[in-house]
Number of protein chains: 2
Amino acid sequence: MSGDAGGPYLRSGQVAERAGVNVQTLRYYERRGLITEPARSPGGHRAYPPETVTLLTVIKAAQRLGFTLEEVAELIGDGRGGRPAPDLRARAQAKIAEVDARIAELSAVRQALTQVVSAGCGSLTRCACPDCPLPSTDLAE
Amino acid sequence: MSGDAGGPYLRSGQVAERAGVNVQTLRYYERRGLITEPARSPGGHRAYPPETVTLLTVIKAAQRLGFTLEEVAELIGDGRGGRPAPDLRARAQAKIAEVDARIAELSAVRQALTQVVSAGCGSLTRCACPDCPLPSTDLAE
DNA sequence: TTGCATCCGGTACCCGGGTACAGGCTTACC
DNA sequence: GGTAAGCCTGTACCCGGGTACCGGATGCAA
């Protein structure tokens, strides 16, 4: 808020606080290639440009969309590095397919669970109910 | 196949093969308390009763229902140990609630992803589309 | 100039469910 | 009695996403 004279660089603790992230996480993301290595003070302390905070919120948004850090790294790295930029739209569509598959799996599990409940199985090992669904829990896996 | 004279005990490799499980997994389950320590041959080799194979298929069935190994251990351990036996039906109902919650989360993610797709965002970092949903991806988390 | 907060690098640990490897011992069969 | 397959214990590693701790160096303000 006060001055930004000479260069508004932030130290790691400031970036972490503004982005709502642990300081260790910052270095972790650096190792994973999600954020580029920032400039350093003469003593070796990291000096981040303020955009890093924005970048971190973008990373967190992408994570919430179900992308892994590796995928986020790819998505962020487009433009730089010369590799063909991965299209976010295409990636999002592929991710929707993944999510749908996962939901389908969970629905099958849910189905099997309701069968267990309605059949009245009382115990895994000694189920006394007739037509116990336990041994035949296939889930088409 | 041949004789079962004196005791139809199985060695770890036989149990593993019949249950479709790795031998290491057997010992892992033993450490985790899912299967009790079997008898030993004079030389120290494990000698399993044949029921162990059935138990392993039960464990795998429970896993497919979404129970963690710790939960399976509890469910199996009922009857023995004197603790009040956890009711499988109740556990299954609770698990259904968990599954439903997870499905709801994934549906929200799916929703957000379709917004990204339909808004036409091309890039995480430099999205040129109007009313880009990326910064406001809340998912009510 | 001194004191304290912060940062540094490196390493180890956490969760869950296993898998793999090393170096030795047993068992089974011929 | 030889030989190979199988088993033993103990330990380390894998995935993903971080978190924690250590001893030492820096930064900043009074």
Side-chain angles (χ1 to χ4, degrees), chain A residues 2-3 5-35 37-48 52 56 58-76 95 98 102 141, chain B residues 1-3 5-7 9-35 37-48 52 56 59-76 95 98 102 109 141:
Chain A
S2 47
Y9 291 109
L10 303 171
R11 341 177 40 183
S12 52
Q14 295 174 310
V15 172
E17 193 191 356
R18 295 186 195 189
V21 158
N22 199 314
V23 178
Q24 327 279 67
T25 305
L26 234 50
R27 299 206 289 126
Y28 178 64
Y29 283 178
E30 192 177 314
R31 280 208 299 285
R32 296 285 306 251
L34 286 154
I35 57 186
E37 292 196 36
R40 298 288 185 132
S41 80
H45 287 198
R46 288 173 180 78
Y48 291 95
T52 306
L56 285 169
V58 167
I59 291 171
K60 290 178 88 58
Q63 270 189 301
R64 267 178 267 126
L65 288 175
F67 291 102
T68 67
L69 286 188
E70 190 171 2
E71 289 167 336
V72 176
E74 273 185 86
L75 286 171
I76 283 176
K95 188 58 74 178
E98 280 178 41
R102 183 77 189 119
E141 208 171 335
Chain B
M1 292 294 186
S2 47
Y9 292 108
L10 302 171
R11 336 175 47 178
S12 52
Q14 294 174 310
V15 171
E17 193 191 357
R18 294 186 195 189
V21 157
N22 198 314
V23 178
Q24 326 280 69
T25 305
L26 234 50
R27 299 208 290 123
Y28 178 63
Y29 284 179
E30 192 177 313
R31 280 208 300 283
R32 296 286 306 252
L34 287 154
I35 56 185
E37 293 195 36
R40 298 287 184 131
S41 79
H45 287 198
R46 288 173 179 79
Y48 292 95
T52 305
L56 285 168
I59 291 171
K60 290 179 87 61
Q63 270 189 300
R64 268 178 265 127
L65 287 174
F67 292 102
T68 66
L69 286 188
E70 190 170 2
E71 289 166 336
V72 176
E74 272 186 87
L75 286 171
I76 283 177
K95 187 57 73 178
E98 280 178 41
R102 183 77 189 120
V109 164
E141 205 171 338

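Chain letters run A, B, ... following the sequence lines, proteins first and then strands; every chain starts at 1.
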Checklist entry - Between B:R11 and B:H45, is a side-chain contact (heavy atoms from CB on, under 4.5 Å) present by the stated rule, with each step listed? => result CA-CA 7 Å; B:R11 336 175 47 178; B:H45 287 198; 3.9 Å; yes
Checklist entry - Could you give the CG-to-C1' distance, from B:N22 to C:dA20, as a whole number of Å? => result 9 Å
Checklist outcome for this item: Testing C:dG17, D:dT9, C:dC8 for proximity to the side chain of B:R32, the answer is C:dG17
Checklist outcome for this item: Side-chain contact check for A:H45: nearest option of C:dA20, C:dC7, D:dG18 is C:dC7
Checklist entry - Would one find a side-chain N or O of B:Q63 under 4.0 angstrom from OP1 or OP2 of C:dG18? => result yes
Next on the checklist: Distance check needed: C:dG16 P versus B:R64 CZ, whole Å only.
Outcome noted: 21 Å
Checklist entry - D:dG27 phosphate, OP1 or OP2: any side-chain N/O from A:S41 under 4.0 angstrom? => result yes
Next on the checklist: Is there a side-chain contact between B:R46 and the phosphate of C:dT26, meaning an N or O under 4.0 Å from OP1 or OP2?
Outcome noted: no
Item to check | Backbone of A:G66 reached by a side-chain donor or acceptor of A:K95 within 3.5 Å | outcome: yes
Item to check | Nucleotide C:dG17, atom P - distance to CZ of B:F67 in whole Å | outcome: 13 Å
Checklist entry - Tell me: CD of A:E70 to P of D:dC14, nearest whole Å? => result 15 Å
Item to check | Atom pair OG1 (A:T25) and CD1 (A:I59), whose distance is rounded to the nearest 0.5 Å | outcome: 10.5 Å
Checklist entry - Under 3.5 Å, is there an N or O donor on one side and an acceptor on the other linking the side chain of A:R11 and the base of D:dG27? => result no
Checklist outcome for this item: CD (B:E30) and OH (B:Y48) are apart, to the nearest 0.5 Å, by 5.0 Å
Checklist outcome for this item: Regarding the side chain of B:L69, the nearest nucleotide among D:dT19, C:dG18, D:dT9 is C:dG18
Checklist entry - Closer than 4.0 Å, any side-chain N/O of B:S12 to the OP1 or OP2 of D:dC8? => result yes
Item to check | Atom-to-atom span, CG of A:L26 to C1' of C:dT6 - whole angstrom | outcome: 14 Å
Checklist entry - Roughly how far apart are B:Y28 OH and B:I35 CD1, rounded to 0.5 Å? => result 12.5 Å
Next on the checklist: Whether B:Y29 contacts C:dG17 is assessed here as follows: a side-chain N or O lying under 4.0 Å from the phosphate OP1 or OP2. Is that the case?
Outcome noted: no
Checklist entry - Tell me: CZ of A:R27 to P of C:dA12, nearest whole Å? => result 15 Å
Next on the checklist: I need the CD-P distance between B:E30 and D:dG10, as an integer number of Å.
Outcome noted: 12 Å
Next on the checklist: For D:dG27 and A:R40 - does any side-chain N or O of the residue sit under 4.0 Å from the phosphate oxygens OP1/OP2?
Outcome noted: no
Next on the checklist: I want to verify a distance call: between D:dT9, C:dT27, C:dG18, whose nearest atom is closest to the B:P42 side chain?
Outcome noted: C:dT27
Checklist entry - A:L10 CG to C:dC7 C1': how many Å, rounded? => result 15 Å
Checklist outcome for this item: Comparing A:Q24 with A:G44, nearest DNA chain D nucleotide closer to 5' gives the residue A:Q24
Checklist entry - Any donor-acceptor pair under 3.5 Å between the side chain of B:R31 and the base of C:dG18? => result no
Checklist entry - Start at the 5' end of DNA chain C and walk down; is the nucleotide closest to A:Q14 or to B:T68 reached first? => result A:Q14
Next on the checklist: Has A:E71 got a side-chain atom pairing as donor or acceptor with A:T68's backbone, closer than 3.5 angstrom?
Outcome noted: yes
